[in-house]
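Report on one structure; see the data block that follows.
Throughout, a chain's letter reflects where its sequence line sits, starting with A, and its residues are numbered from 1. Just so you know, these numbers use all the heavy atoms, side chains as well, and skip hydrogens, waters and symmetry mates.
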Number of protein chains: 2
Amino acid sequence: MARTQGSHSDITGPRIQKVALQLFARHGYAAVSMRQIAKEVGVQVGALYNYLPDKQSLLFSLMNKHMQDVLAAWKEQKATLDPCRPDGLLEEFARFHIRFHMARPDAVFIAYMELRNLSPENFAKIEALRKSYEGELQSILDAGVAQRIFTLRDSKITTLAVIAMLNGVITWYRSGGRLSLEEVEATYWDMVRKAVTG
Amino acid sequence: MARTQGSHSDITGPRIQKVALQLFARHGYAAVSMRQIAKEVGVQVGALYNYLPDKQSLLFSLMNKHMQDVLAAWKEQKATLDPCRPDGLLEEFARFHIRFHMARPDAVFIAYMELRNLSPENFAKIEALRKSYEGELQSILDAGVAQRIFTLRDSKITTLAVIAMLNGVITWYRSGGRLSLEEVEATYWDMVRKAVTG
DNA sequence: GTCTATAAATGGATAGAC
DNA sequence: GTCTATCCATTTATAGAC
């Protein structure tokens, strides 16, 4: 990790984000020091502050990027689908969610575990993005209920239950394990489909 | 919070556990100092160490008590049920889980968020208890599959998915809100039932 | 842009008086 | 059993040399 002195603005910035993501996910925001991050990046502590005003803004930028990414990716995916078929939309949402989140376990971990460590202002911003993402699922469920394709007692609770269930994947899935990504997707989609129908 | 000097061994011990549970749940283990705990309890820092050897053992005792409690409570509940009816067992498991966890949101929060902050030895102990609890659900599912009452692709994944879904309740439920506890129980049970059948 | 050195605050834990 | 005082390590963040 030792770095000879010199200017590396093009690589240090991204490396800080990448290292912080890994360390925050593994040990938790409060348990990781700026010195640990600097060491792993390969610079001294002072250098970090050329790229960020403080530790809090580092956490926020990681969480904000993740939420922006997931929203943008889903909207791109949604654009390729028939907007009038809630069953197709729901299947793609479930599969998309698992695929997207399993590719970014560290970011997902942070997004759901470090909400407490955001400042009130930052919390409000992230919370708004989360609500927006939940809204995507809820409107699919509502549309399905209106078309009498889905049967469920409460679309708000179902939204939260489905997302909680899907998020659980990242707590246990390890690539190269007993099941392939496709099998995991299929198993979860099977449960979601049945839970919202007859 | 001020406390006059004197001996209070009977109340200080339990108060430390109660206060630590609240503070750890709200701010996270790493973000809470022993000084904060002492202040909230109404003693000085030094006094805490009459009741615990270090901060880590405080976290462990909270998590260990919670896991022992949930296992004991479920076994008591199970003893009143017909062991040969997986459908009845599953419904009671789902309802029990929601009821028990919603009555202890702080303990649940800690049990699922602070695993990273346990020492390796303590982590192994808590993990064993969690696996034991998951095993209770999985054996219900396996029995139901054997009796051809349940239809599911993978009992291990289904176990984790159901628990993740049920745990999600504590992230949003607030008593006195739109739905009663009974309605929440019924809604979740409805989803679980459908997810593991036809 | 990075380094070294340091400020100023806070952390866990302990010793000894009462 | 609790308090006060303190040790010692570590924290975030900054200042100024290169």
- [ ] Could you check which of C:dG1, D:dG1, D:dA13 has an atom nearest any side-chain atom of B:Asn50?
- [x] D:dG1
TODO: May I ask you to evaluate whether B:Thr12 reaches the phosphate of D:dT2, defined as a side-chain N or O under 4.0 Å from OP1 or OP2?
DONE: yes
Open item on the list: Tell me the interatomic distance from B:Leu52, atom CG, to C:dG12, atom C1', rounded to whole angstroms.
Closed with: 11 Å
Task: Most 5' of B:Tyr51 and B:Arg35 on DNA chain D, judged by nearest nucleotide - done: B:Tyr51
Open item on the list: Could you tell me how far apart B:Leu59 (CG) and C:dG12 (C1') are, to the nearest whole angstrom?
Closed with: 15 Å
Open item on the list: Can you measure B:Arg15 atom CZ to D:dG1 atom P for me and round it to whole angstrom units?
Closed with: 17 Å
Open item on the list: I want to check one thing: is the phosphate of C:dT4, taken as OP1 and OP2, less than 4.0 Å away from some side-chain N or O of A:Gln44?
Closed with: yes
TODO: Give the rounded distance in Å between these two atoms: CG of A:Leu58 and P of D:dA13.
DONE: 10 Å
Task: Atom pair distance, as rounded to whole Å: NE2 in A:His27 and P in D:dT11 - done: 13 Å
TODO: Using the six-membered ring of B:Tyr29, assess whether NZ or CZ of B:Lys55 lies under 6.0 Å from its centre and within 45 degrees of the ring axis.
DONE: yes
- [ ] Tell me which nucleotide among C:dC3, C:dG1, C:dA13 gets nearest to the side chain of A:Val43.
- [x] C:dC3
Open item on the list: Check B:Arg99 with B:Glu182, please: is the shortest side-chain N to carboxylate O separation under 4.0 Å?
Closed with: no
TODO: Could you check which of C:dA13, D:dA13, C:dC3 has an atom nearest any side-chain atom of A:Lys55?
DONE: D:dA13
TODO: Check the distance between C:dG11's P and B:Ile37's CD1 and give it to me in whole angstrom.
DONE: 11 Å
TODO: Please check the phosphate of C:dG11 (OP1 and OP2 only) for any side-chain N or O of B:Ser33 closer than 4.0 Å.
DONE: yes
Task: B:Ala47, nearest nucleotide to its side chain (from C:dA13, D:dT2, C:dT4) - done: D:dT2
- [ ] To the nearest 0.5 Å, tell me how far B:Asn64 CG sits from B:Asp69 CG.
- [x] 9.5 Å
Open item on the list: Tell me whether A:Arg15 contacts the main-chain N or O of A:Glu40 through its side chain, where contact means a donor paired with an acceptor under 3.5 Å.
Closed with: yes
